[in-house]
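Basis for what follows: all heavy atoms, side chains included, without hydrogens, waters or symmetry-related copies.
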Amino acid sequence: MTKPSPKRAAASSRASRTAPRRSRPVRVAEEIKDWVVDRNLKKGDRLPSEPELIAQFGMAKGTIREAMRILEAQGLIETRTGPGGGSFIGEVTADRAKALLANYFYFTELSVADIYQLRKALEPELVASLAGKLDEAQIAELEAVVAQYPEPAQDAEEEREQHIASLVFHRRLANFSNNPLLAFVVSFMARILTDLTVYRQLYDPPNRELYEKGTAYQKDLIAALKEGRGEEARAIMRAHMETAEALMQLQEAKVLRRFIAE
């Protein structure tokens with residue numbers, strides 16, 4: 001292993017003067033990450049052996065092992081045992097990142113209104129960017145999602161299940177985007193609404209008019225996407241988001257303060 005570049009070392013020195021003091025294992029873990037970035041290592045690339053890390057950083061075995069445990073907990077490395085084993089570059093999955101971010105919001109008062117403020121800004125732009133660009137398989141996937149709820153719910157529990165199923169539609173759209181940041185944020189909001197949202201006033205019996213309006217938005221949106229009508233797709237999604245937010249307010253939807261699983 002070689003030492004970090006002079007520019008990176010200077011930046012690290014400046015940061016060390018302003019950042020709170022960290023433990024040795026944490027500092028070593030950060031230096032290992034810098035080493036990985038300097039070499040542009042990818043998932044599956046092997047890291048140096050423990051003796052090599054000890055020699056490189058001049059730290060005790062216990063410090064190196066604790067640093068590696070930190071990186072493993074962050075999902076950045078994977079440790080394999082047996083023949084051909086060792087430490088390898090891992091990959092932080094989207095599901096892990098969403099779970100960690102959702103857990104951050106455990107310590108805040110995140111509201112449904114907060115989520116819809118962002119959804120109304122992003123999701124119309126998402127569908128406008130996808131208009132005319134989806135292939136037949138992607139269109140069929142969206143149609144299959146809508147086909148999962150062909151009839152209005154018969155009771156409050158089934159209505160809640162339809163709410164959750166309809167969010168799959170939005171997660172699929174996010175996954176079709178070529179913008180990974182936009183896709184992640186939209187999919188993350190759908191995950192929050194799926195896993196951490198409760199409805200205090202579900203309709204019993206369910207509201208047929210609202211069901212028909214919601215499915216009509218999705219079917220009209222699919223048609224606009226298929227035919228490349230971007231401005232119409234944007235307007236449909238905007239109206240859909242406004243209607244969905246109003247419905248959730250009527251049903252007294254609330255985001256729970258709870259951790260979610262990866």
Just by distance, do the side chain of Thr108 and the backbone of Phe105 share a donor-acceptor pair under 3.5 Å?
yes
d(His170 NE2, Leu173 CG) to nearest 0.5 Å is 7.0 Å
- Indicate yes or no: at least one non-hydrogen side-chain atom of Tyr116 is less than 4.5 angstrom from one of Leu193. yes
For Leu182 and Ser177, the nearest pair of non-hydrogen atoms, with its separation, is CD2-OG, 4.2 Å
Please determine whether the number of non-hydrogen atoms from other residues, nucleotides or ligands lying under 6.0 Å from atom CZ of Arg229 exceeds 12. yes
query: Are side-chain heavy atoms of Thr93 and Arg96 found at a separation under 4.5 Å?
result: yes
Is the backbone N or O of Ala99 less than 3.5 Å from a side-chain atom of Asn103, with the two atoms forming a donor-acceptor pair by type? yes
If you look only at distance, which donor and acceptor atoms sit under 3.5 Å apart when one is on a side chain in residues 216-223 and the other is two or more places apart or in another chain?
unit_1 : atom_1 : unit_2 : atom_2 : d
Tyr217 : OH     : Thr243 : OG1    : 3.2
Gln218 : OE1    : Tyr149 : OH     : 2.6

**Message:** Looking at Gln117, I'd like to know if its CD atom is crowded, meaning that more than 12 non-hydrogen atoms belonging to other residues, nucleotides or ligands lie closer than 6.0 Å.
**Reply:** no
Find out whether His240 and Met237 are in side-chain contact, i.e. whether some heavy atom of one side chain is under 4.5 Å from a heavy atom of the other. yes
Closest non-hydrogen contact found for Ala174 with Ala183 is O-CB, 2.9 Å
In short, Gln162 meets Pro152 closest at the heavy-atom pair NE2-C, 3.8 Å
The reported gap from OG in Ser166 to CD in Glu161 (rounded to nearest 0.5 angstrom) is 12.0 Å
message: If hydrophobic clusters are built by linking Ile, Leu, Val, Met, Phe, Trp and Tyr wherever their side-chain heavy atoms come under 4.5 Å apart, do Val186 and Ile192 end up in the same one?
response: yes
dist Arg172:CZ -> Glu141:CD (nearest 0.5 Å) comes out at 5.0 Å
**Message:** Does atom CG (Asn178) have a neighbourhood of more than 12 heavy atoms from anything else shown, all under 6.0 Å?
**Reply:** no
Here the pair of heavy atoms bringing Met68 nearest to Ile77 is O-CD1, 3.3 Å
Rounding to 0.5 Å, atoms CE (Met241) and CD (Glu123) come to a distance of 4.5 Å
- Given the rule in the side chain to side chain contact (heavy atoms under 4.5 Å, CB included) test, do Ile139 and Asp135 qualify, once you have shown the distances and angles that lead to the verdict? CA-CA 6 Å; Ile139 292 293; Asp135 58 34; over 6 Å; no
Check your understanding: Are the side chains of Arg234 and Arg238 in touch, meaning some heavy atoms are under 4.5 Å apart?
Key -> no
Applying salt bridge (charged side-chain N to carboxylate O under 4.0 Å, His left out) to Lys42 and not counting sequence neighbours gives none
Student check: side-chain heavy atoms of Arg191 and Arg171 closer than 4.5 Å | yes
request  = Evaluate the salt bridge (Lys or Arg N to Asp or Glu O under 4.0 Å) criterion for residues Glu72 and Arg65: first the C-alpha distance (whole Å), next the side-chain angles of each, then the deciding distance (0.1 Å), finally the verdict.
outcome  = CA-CA 10 Å; Glu72 190 168 15; Arg65 288 185 175 179; over 6 Å; no
- Does a side-chain heavy-atom distance below 4.5 Å link Ile236 with Val127? no
Per side chain to side chain contact (heavy atoms under 4.5 Å, CB included), Leu47 is matched among Ile89, Thr79, Leu53, Leu71 by Ile89
Open item on the list: With heavy-atom distances below 4.5 Å as the criterion, would you say the side chains of Arg46 and Ser87 are in contact?
Closed with: no
May I have the step-by-step check of side-chain hydrogen bond (donor to acceptor under 3.5 Å, both in side chains) for Ser49 and Glu52, ending in yes or no? CA-CA 5 Å; Ser49 66; Glu52 290 173 321; 3.2 Å; yes
Minimal heavy-atom distance between Ile54 and Met59, with the atoms involved, is CG2-O, 3.2 Å
In plain terms, say whether Lys33 and Glu30 are close enough for a salt bridge, that is, a side-chain N and a carboxylate O under 4.0 Å apart.
yes
To the nearest 0.5 Å, atom CZ of Phe57 lies from atom CD1 of Ile32 at 5.0 Å
Single-linkage hydrophobic cluster Val92~Trp35, side-chain heavy atoms < 4.5 angstrom: yes
Within the 4.5 Å heavy-atom criterion, are Leu41 and Phe88 side-chain neighbours or not? no
All heavy atoms of Ala67 vs all of Val28, minimum pair found to be CB-CG1, 3.8 Å
So CZ of Phe188 and CG of Leu118: to nearest 0.5 Å the spacing works out to 10.0 Å
